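Since this is a predicted model, take the numbers as computed values, not measurements. Convention: sequence-line order gives letters A, B, ...; per-chain numbering from 1.
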Protein chains: 4
Amino acid sequence: MSQSPQNLPETPESHLVLTLTCPDRPGIVHAVTGAVVEAGGNITELQQFSADSGQFFLRLQAKVNDPAVLRTRLAEISPRFDAGWNLDRVDRKVRTLILASKAGHCLNQLLFAQRDGTLPIEVPQVLANHPNLAELADFHQVPFEHLPVTPQTKSAFEDRVRQIVAEHDIELVVLARYMQILSPELCADLAGKAINIHHSFLPGFKGANPYRQAHERGVKLIGATAHFVTSELDEGPIIEQDVIRVDHSRTPSELVRIGQDAESRTLTEAVRLFAQHRVLLDGRRTVVFS
Amino acid sequence: MSQSPQNLPETPESHLVLTLTCPDRPGIVHAVTGAVVEAGGNITELQQFSADSGQFFLRLQAKVNDPAVLRTRLAEISPRFDAGWNLDRVDRKVRTLILASKAGHCLNQLLFAQRDGTLPIEVPQVLANHPNLAELADFHQVPFEHLPVTPQTKSAFEDRVRQIVAEHDIELVVLARYMQILSPELCADLAGKAINIHHSFLPGFKGANPYRQAHERGVKLIGATAHFVTSELDEGPIIEQDVIRVDHSRTPSELVRIGQDAESRTLTEAVRLFAQHRVLLDGRRTVVFS
Amino acid sequence: MSQSPQNLPETPESHLVLTLTCPDRPGIVHAVTGAVVEAGGNITELQQFSADSGQFFLRLQAKVNDPAVLRTRLAEISPRFDAGWNLDRVDRKVRTLILASKAGHCLNQLLFAQRDGTLPIEVPQVLANHPNLAELADFHQVPFEHLPVTPQTKSAFEDRVRQIVAEHDIELVVLARYMQILSPELCADLAGKAINIHHSFLPGFKGANPYRQAHERGVKLIGATAHFVTSELDEGPIIEQDVIRVDHSRTPSELVRIGQDAESRTLTEAVRLFAQHRVLLDGRRTVVFS
Amino acid sequence: MSQSPQNLPETPESHLVLTLTCPDRPGIVHAVTGAVVEAGGNITELQQFSADSGQFFLRLQAKVNDPAVLRTRLAEISPRFDAGWNLDRVDRKVRTLILASKAGHCLNQLLFAQRDGTLPIEVPQVLANHPNLAELADFHQVPFEHLPVTPQTKSAFEDRVRQIVAEHDIELVVLARYMQILSPELCADLAGKAINIHHSFLPGFKGANPYRQAHERGVKLIGATAHFVTSELDEGPIIEQDVIRVDHSRTPSELVRIGQDAESRTLTEAVRLFAQHRVLLDGRRTVVFS
């Protein structure tokens, strides 16, 4: 969420999406919808939510005759409400960097969906700490770069991430089963714009080989959680979750496969929600206007 | 959805829910939220939707200091937009008549949930064409009336429905596995305020004993659909649907039991959505602000 | 699982269910099915599973002309394979003691389903540490006993549990939101025949008020786990799990209601599986022949 | 299901899967498990089902020292029970021909899963009536052939299908959104070994553009059904079904995308079940030993 407007289209009758967040206070919806009226706009979708935290969240889509007027009015209104906002074209593709390691199931689903036109992202780069997904990226005509990660080279890898983010004006970093822990500094740099996926179980399991543990406990549901990256490992704000039913006869390796299905579905759905500006941050929680 | 406001509370700082629908036009959200501001209100929840049909739908909840002002302003605004609206207290219990036959699974779940305080309805009457659910109604301290239905007495039964609706100012009629077809006249009288439940299958089956047919086709999902009653049998606007997974080993009678689980869940959820004013009609469709 | 046969029917052409477990070894299925053939039986359902633990599990249903022959043959075979087994009539109702506290959602669903004939249990007694569910039990014509639990009276309550189990030959104890922790001794006494239900979240939460914590983390799925009672709190072998989707707008109290739906469904399903002899124990896991 | 054994391994200690079906009669499980014992085998998995139709179905996996003995014994037993049977190595990859048109979502998921080693099929050929999926097949190193279908060339296309089936000893033909109707003759030729996928709705819709119709009716669930191909269009025995929840705000084109997700998941799962010999035919139904 940026305070300053960006990606603003100047063409008449644009279909725009506005997200806005501010301390909850009477009059904010009225003021914003007034700005839309002045810009000759018609609201096609509007959702808002007042959180327990006292924070207010709004997402609206509008067909607008004069985007510049809307921008000007929002710039006038926002200081009054101490509001952060972002105005974008509906369906503009979000510039996305994908980080990967060896496993290709999430990368495949993301690249296939973007190529198919069903996931509004563009991917200027895949960066991986293993070489084996090069071919998959090539097939989807996405540049692939391999940079090994060792204790010695980890900071070089992370510098390269920062460089790509800067160079390509990256808006979203997706960890598509990238199996390295990001440094707290990089987590901070990417706060609110990096999404990770991990398996989830009922109950949760600590330590190595959770699928083995899940098998030993005989869990009946295998799940996945997509969340924003924070320096607290796997504790970032949750964006999307899903589960698949299993039974006692599944071997640990079958559980892994089923878990991978859950992971690629859940990550792709989380990326779709983000790319459509449907995910807003409320401290440790998300507000998802799905 | 009534053009005229009703159930309007006069106490200060009321928590209100407004639903409004009108032809889609710029300015409507701005006008309505302006009315809330003038009434000293703060919006706690707002959802809106512009349908393909050209119709606009809005539901908002607001904590309002002066409900009378809000009412006055809405009465002024609504003609301009040709809007129908309804203003109610959040959590007011909706007066509900339940029609039943012999099967008690839906009735039990509805009455248990309303008694438990988790379903905001009050039930001044259960009317059934069989006597056997009297005890269940008694237990929940809900008046029960038995009136048999034969070709000769069907119109007497329907007159009694109309009488109860009038007497108790009934807002919702729930057909909780009431196994008789309502006359087109009664369907018309109850348009938009009667909910029915029926089993659903993939694919659908015509004719008698659909569970037997579902068994013969070996379906893998058993479902239920809750919908508004219309004179087109089981073709009314859909409110809620759910399915449960089954396999080849289920006998037709087990499929019936599983289908009943799906029915009672789905009907209770549909009634909850209706009672919270979350279900708006858009021709043959519903807009459900869940 | 008892080594000695019980509940054995003597009538010809009985529909029987056999469960058997032993160390995995060639020939066991052949030997058991041979016994069925000798008893003039025809197998209608058979499932078996060889666990990683080296243990073998079998459940079969058969229509048998001479149950006594089957019993005799099984008694001969079982020592050879070091097998424990149980032979019962299909659909015999399992004698079940329900423990409850204040919340009635699980109790209501269990009693309604058994009364409806869709859950094969009979309930000679509900024992509760609060009085308020008496009316619900009365309605279902199930004897209700109230015995408060304090630190001083806890062992008296547990003695009463043991007494009821002995008196009524109880085969299953269901903790239907009974909010007290059983002593390790009672857990041991009821090993493999007591089922508990608890809420489950992705991720799990430690400490008080998990729904509040789930709300704070913004979880997207609310679940429930039914498991056997062990002295490790909420760590017993899992029988059944389910989840329901939620979003950011749900208040903690709505999450509680949704969690209760998940609990009553999941517990009822677990009790059904147990009562149909579909749940076998494999150390810390279950084998569920659903 | 072939009467004659095929694909029989001769190596000692093979892990085999046997499927067998015959009229239900006492003694069949005993006879088959006796054959396994004689072959020095240990059963690792066994499921059986007696259908209402009077037909008996069995699937077992066993680790067998002497596969030739097992084959001989089965050949002796089967005439007595009028049984058809098939013996195969567990995890042998099933030779699969994929038919496609323009849409790649199902093809991508199938090829990715087989390449990943999580779907036990090998694909000697993709045959399509449009050229645009050539690149996708190439990437997965699967031969791709384009053969247009017009009223004039339809029988040539079908002849080519038969030719590929014969040449590559094809065991399974998957219609991965192949949008042409097969002739009754080809349906008959491929009976029990061709799988199709189609969207499914509650309720079902006749005629063109079902997603538009589903949108107009405001359905809340979008599904997919994988079934065997028969000459009755979309009426073949059902193998697998799944649904995804939607709401009123989804446009018809979003419903299409969601439906595609359901289709590729459901088809891949159906192919997995088939390739593991878990799907047996019972007239118009399937028995699925999942």
Return a table of donor-acceptor pairs under 3.5 angstrom between the side chains of residues 195-202 of chain D and protein atoms on other chains or two or more places apart.
residue: D:S200; atom: OG; partner: D:T225; partner atom: N; Å: 3.4
residue: D:S200; atom: OG; partner: D:T225; partner atom: OG1; Å: 2.4

Problem - Residue that, paired with B:V229, satisfies side-chain contact (heavy atoms from CB on, under 4.5 Å) out of B:L186, B:I181, B:L175 - result: B:L175
Fill in the blank from the handout: Heavy-atom closest pair (B:P23 atom, B:F81 atom, distance to 0.1 Å) is CD-O, 3.5 Å
Exercise for the section: Quick one: closest heavy-atom pair of D:A176 and D:I98, and the distance? Expected result: CB-CG2, 3.7 Å
Exercise for the section: Quick one: closest heavy-atom pair of B:C106 and B:R177, and the distance? Expected result: SG-CG, 3.8 Å
Problem - Residues of residues 267-276 of chain D within contact distance of chain B, non-hydrogen under 4.5 Å - result: none
Practice task
Count the heavy-atom pairs under 4.5 Å between each of D:V243, D:D247, D:V288 and chain B, then report the option with the highest count.
Solution key: D:V288
Handout entry: Salt bridge D:R245-B:E240, side-chain N to carboxylate O under 4.0 Å
Key = yes
Handout entry: chain B interface, residue from D:E216, D:R217, D:E235 that has the most non-hydrogen pairs under 4.5 Å
Key = D:R217
Exercise for the section: Under 4.5 Å, counting heavy-atom pairs only, tell me which of D:V219, D:I239, D:V287 racks up the most with chain B. Expected result: D:V287
Exercise for the section: Measure from the ring center of D:H277 to the ring center of D:F289 and say whether it is less than 6.0 Å. Expected result: no
Fill in the blank from the handout: Scanning both residues in full, the closest heavy-atom pair of B:A262 with B:T266 reads O-OG1, 2.6 Å
Fill in the blank from the handout: Among D:D282, D:T251, D:D242, the residue with the most heavy-atom pairs under 4.5 Å to chain B is D:D242
Handout entry: Toward chain B, the part of D:H215 with a non-hydrogen atom under 4.5 Å
Key = both
